[in-house]
Protein chains: 2
Amino acid sequence: MPQHDAQARLAVSTVIFALSPETDGDGVERPSLRVPLVRRLREPGLGRWALPGGWLPVHESLDAAAARTLNETTGLAPRYLEQLYTFGDPDRSPGERVVSVVYWALVHSDEVERAVSDENVRWFDEDDLPDLAFDHAAIIEYALRRLRTKLEYSGIAHALLGETFTMAELRGVHEAVLRKRLDAANFRRTMEASGTLVDTGERLAGTRHRPPALYRFDPAHSPVASPSPASAAPQHAASVTAPPAPRPGTHSKDTP
Amino acid sequence: MPQHDAQARLAVSTVIFALSPETDGDGVERPSLRVPLVRRLREPGLGRWALPGGWLPVHESLDAAAARTLNETTGLAPRYLEQLYTFGDPDRSPGERVVSVVYWALVHSDEVERAVSDENVRWFDEDDLPDLAFDHAAIIEYALRRLRTKLEYSGIAHALLGETFTMAELRGVHEAVLRKRLDAANFRRTMEASGTLVDTGERLAGTRHRPPALYRFDPAHSPVASPSPASAAPQHAASVTAPPAPRPGTHSKDTP
DNA sequence: CCAAAAGTGTTTGTTTTACACCCATGG
DNA sequence: CCATGGGTGTAAAACAAACACTTTTGG
């Protein structure tokens, strides 16, 4: 198998979204979206923040590489993982041609406390991003667009919450992502009609008002409108086969 | 700039869609979708049909590489070109790890007659595809899904027609792609409301019935619902900066 | 009993769908 | 003058948005 002329190098990166921990214990505060970034430890772009990622190993699938680097960076398993776009402008990385297959992921807010965060890995608020290396600012902007668009026709919001959640919490996610207030009554009806929610029968106690019902996401009715029964190639999958184990090990890789 | 361990090779391929020439001179027959394929001239997959494409040159952008290989294969310039997905399963190509960035394109039926077609390049009907190399059958199926989905919320159908077209021709494209009959009256209204069509004032003579108006696509109002004014990274562009010149030269490259 | 959010009902306006019907042309 | 699609009108149904109102808890 001949290895011909000079080739571009292949990297895999992921835009990871999670909800900020509620500032108020009552869940009243509107949460906001956060993204973990790693500090670059070498040139080019030394010291600036970048998306977690790494070079693609020869024997690893793209999806697996995305899930792995995500786990190595944050210590989390993605609840949702989907390929976003492949960025390959010849000059997006100075010195060397790098093509990046970029994924986007949603992780549970439950587990975010468990997430890695040190000098070289930090979570940034969606609208308070630092100076970013390469074209990563544009990539995050694009991922945000995709998240917002997809939220409106697909029930992925639950992937940002825990196992069970109240209707208000789910609405809070939509409001935070879409950056607009939603009518509680109509939102409830829309969600109930979608068939993706199951009432657990339990309700959340300890509020200073009527206790809300707790729902669970129904994986059976998830992608809802998949036209073909035997689906085609890319499994724009929700729940991903989790990586080996949340082990915050060799994080902060350097890759455009 | 260190070139480390073994890497995957990067290819760019394109699923090209065009309409079959009308069998009836009156435009009554429903057209169907066709895809050009190239015969593989070497192993792996020798003799089988595959998507046009080639290895990514180090200094060429992904978009440019897609447009170029498209032109080299068919002799056409794409009217619409958009990145589809990146396929990179470790075993999708026997022997060597190949990652393919796949694009999809629409070309004018006007120019299809000008298209290359010989022993090693042939156009196949959407539902009469031959035995395909690698995972290309799944890729085409996925591209079809994308085309169908995108047609319903975006006015790209005109990219399959000529400069001017009648409302019935445009509807014919939609019907051919979506594989279902559409109400002529409602279709007309939806299209007129979209604001993407301009009445040329001329009408098509020579039919055995009332002469229909000829429309032109209005590039000003094309992508319509782009939320952000200064758009983010990937320009899911319509009309593409055409490659140098339609020169049917070195076609039929070999790439997964 | 009061505040505060959960949850239900109702009204109104818009969009989608189905289909009836007139119009203009070639034969 | 008739067959054939081009083009317009319209009523019913489905959907979306706005908002009033009742319910259930903690304090």
Side-chain angles (χ1 to χ4, degrees), chain A residues 22-31 151-155 161 164-176 178-216 224-225, chain B residues 22-31 151-155 157 161 164-176 178 180-216 224-225:
Chain A
E22 312 269 325
T23 40
D24 186 353
D26 197 40
V28 175
E29 289 285 317
R30 193 108 10 252
L151 193 65
E152 295 196 304
Y153 67 89
S154 127
L161 292 168
T164 64
F165 43 84
T166 68
M167 197 58 86
E169 283 169 346
L170 189 61
R171 177 166 47 88
V173 177
H174 280 249
E175 290 181 343
L178 302 177
R179 293 180 151 296
K180 71 176 174 197
R181 211 148 246 305
L182 299 173
D183 184 288
N186 295 332
F187 179 83
R188 163 182 300 276
R189 268 184 294 254
T190 309
M191 279 304 160
E192 278 170 347
S194 79
T196 56
L197 296 187
V198 181
D199 192 333
T200 63
E202 295 165 71
R203 28 207 72 230
L204 179 66
T207 62
R208 87 179 66 166
H209 52 78
R210 175 174 174 174
L214 281 171
Y215 296 88
R216 180 189 309 285
V224 175
Chain B
E22 312 268 325
T23 40
D24 186 353
D26 197 42
V28 175
E29 289 286 316
R30 194 108 9 253
L151 193 65
E152 296 197 302
Y153 67 89
S154 132
L161 292 167
T164 65
F165 44 84
T166 68
M167 198 58 87
E169 284 169 346
L170 188 61
R171 177 165 48 87
V173 177
H174 280 251
E175 290 180 344
L178 300 177
K180 70 175 174 198
R181 210 147 248 304
L182 299 173
D183 184 290
N186 296 331
F187 180 82
R188 162 182 299 276
R189 270 184 293 253
T190 309
M191 279 303 162
E192 278 169 348
S194 79
T196 57
L197 297 187
V198 180
D199 192 332
T200 63
E202 295 166 70
R203 30 207 70 229
L204 179 66
T207 61
R208 87 180 66 166
H209 50 76
R210 174 173 175 177
L214 281 170
Y215 296 88
R216 179 189 309 286
V224 178

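Note on naming: letters A, B, ... go to the chains in the order of the sequence lines (proteins, then strands), and numbering restarts at 1 for each one.
- Straight-line distance from the CG atom of A:Leu204 to the P atom of C:dA5: 14 Å, rounded to whole Å.
- Distance, A:Phe165 CZ to C:dA6 P: 14 Å, rounded to whole Å.
- As judged by a 4.0 angstrom heavy-atom cut-off over every strand, A:Ala213 is placed among residues touching the sugar-phosphate backbone only.
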Next on the checklist: The test is side-chain contact (heavy atoms from CB on, under 4.5 Å); show your working for A:Leu170 and A:Leu197 and say whether it passes.
Outcome noted: CA-CA 11 Å; A:Leu170 189 61; A:Leu197 296 187; 3.9 Å; yes
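- Separating the CD atom of B:Glu169 from the P atom of D:dG5 is a distance of 14 Å, rounded to the nearest angstrom.
- The side chain of B:Arg181 contributes no N or O atom lying less than 4.0 Å from OP1 or OP2 of C:dT17.
- A distance of 10.5 Å separates CZ of B:Arg216 from CG of B:Asp199, quoted to the nearest 0.5 Å.
- We find that CZ of B:Arg188 is positioned 13 Å from C1' of D:dG9, with the value rounded to whole Å.
- Both B:Tyr215 and A:Asn186 sit near DNA chain D, but only B:Tyr215 has its closest nucleotide nearer the 5' end.
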Item to check | Step-by-step side-chain contact (heavy atoms from CB on, under 4.5 Å) determination, A:Glu175 to A:Lys180 | outcome: CA-CA 5 Å; A:Glu175 290 181 343; A:Lys180 71 176 174 197; over 6 Å; no
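- Using a 4.5 Å cut-off on side-chain heavy atoms (C-beta onward), A:Leu151 and A:His174 make contact.
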Next on the checklist: As a quick check of understanding, evaluate side-chain contact (heavy atoms from CB on, under 4.5 Å) for B:Glu152 and B:Leu178, giving each step before the final call.
Outcome noted: CA-CA 9 Å; B:Glu152 296 197 302; B:Leu178 300 177; 4.0 Å; yes
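- Across C:dA18, D:dA17, D:dT4, the shortest atom-to-atom separation from the side chain of B:His209 is found for D:dT4.
- For A:Pro211, whose side chain is taken as the heavy atoms from C-beta onward, the closest listed nucleotide among D:dT8, D:dT25, C:dG7 is D:dT25.
- Contact annotation for B:Ala168: backbone-only contact, meaning every heavy-atom pair under 4.0 Å involves sugar-phosphate atoms and none involves a base.
- Residue A:Pro212 has its side chain nearest to C:dG7 when only C:dG7, D:dG5, C:dA18 are considered.
- Taking 3.5 Å as the limit, the base of D:dT4 and the side chain of B:Arg208 contain no donor-acceptor pair of atoms between them.
- Among the nucleotides C:dA6, D:dA18, C:dG7, the one closest to any side-chain atom of A:Arg171 is C:dA6.
- With C:dA5, D:dG9, D:dG7 as the candidates, the nucleotide lying closest to the side chain of A:Arg210 is C:dA5.
- Judged by atom type and distance alone, B:Arg189 does not reach the base of D:dG7 through any side-chain donor-acceptor pair under 3.5 Å.
- Place B:Ala205 and A:Arg203 on DNA chain C by their nearest nucleotides, and A:Arg203 ends up nearer the 5' end.
- The nucleotide whose nearest atom lies closest to any side-chain atom of B:Ala185 is, among D:dT8, C:dG9, D:dG7, D:dT8.
- Distance A:Phe187 CZ to D:dA16 P: 14 Å, rounded to the nearest Å.
- One interatomic measurement links the two molecules: NZ of B:Lys180 to P of C:dT16, which rounds to 13 Å at whole-angstrom precision.
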Checklist entry - Given the rule in the side-chain contact (heavy atoms from CB on, under 4.5 Å) test, do A:Phe165 and A:Leu204 qualify, once you have shown the distances and angles that lead to the verdict? => result CA-CA 9 Å; A:Phe165 43 84; A:Leu204 179 66; over 6 Å; no
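- The CD-C1' distance, from A:Glu152 to D:dC15, rounds to 16 Å in whole Å.
- When the P atom of C:dT15 is taken as reference, atom CG of B:Asp183 falls 18 Å away, rounded to whole Å.
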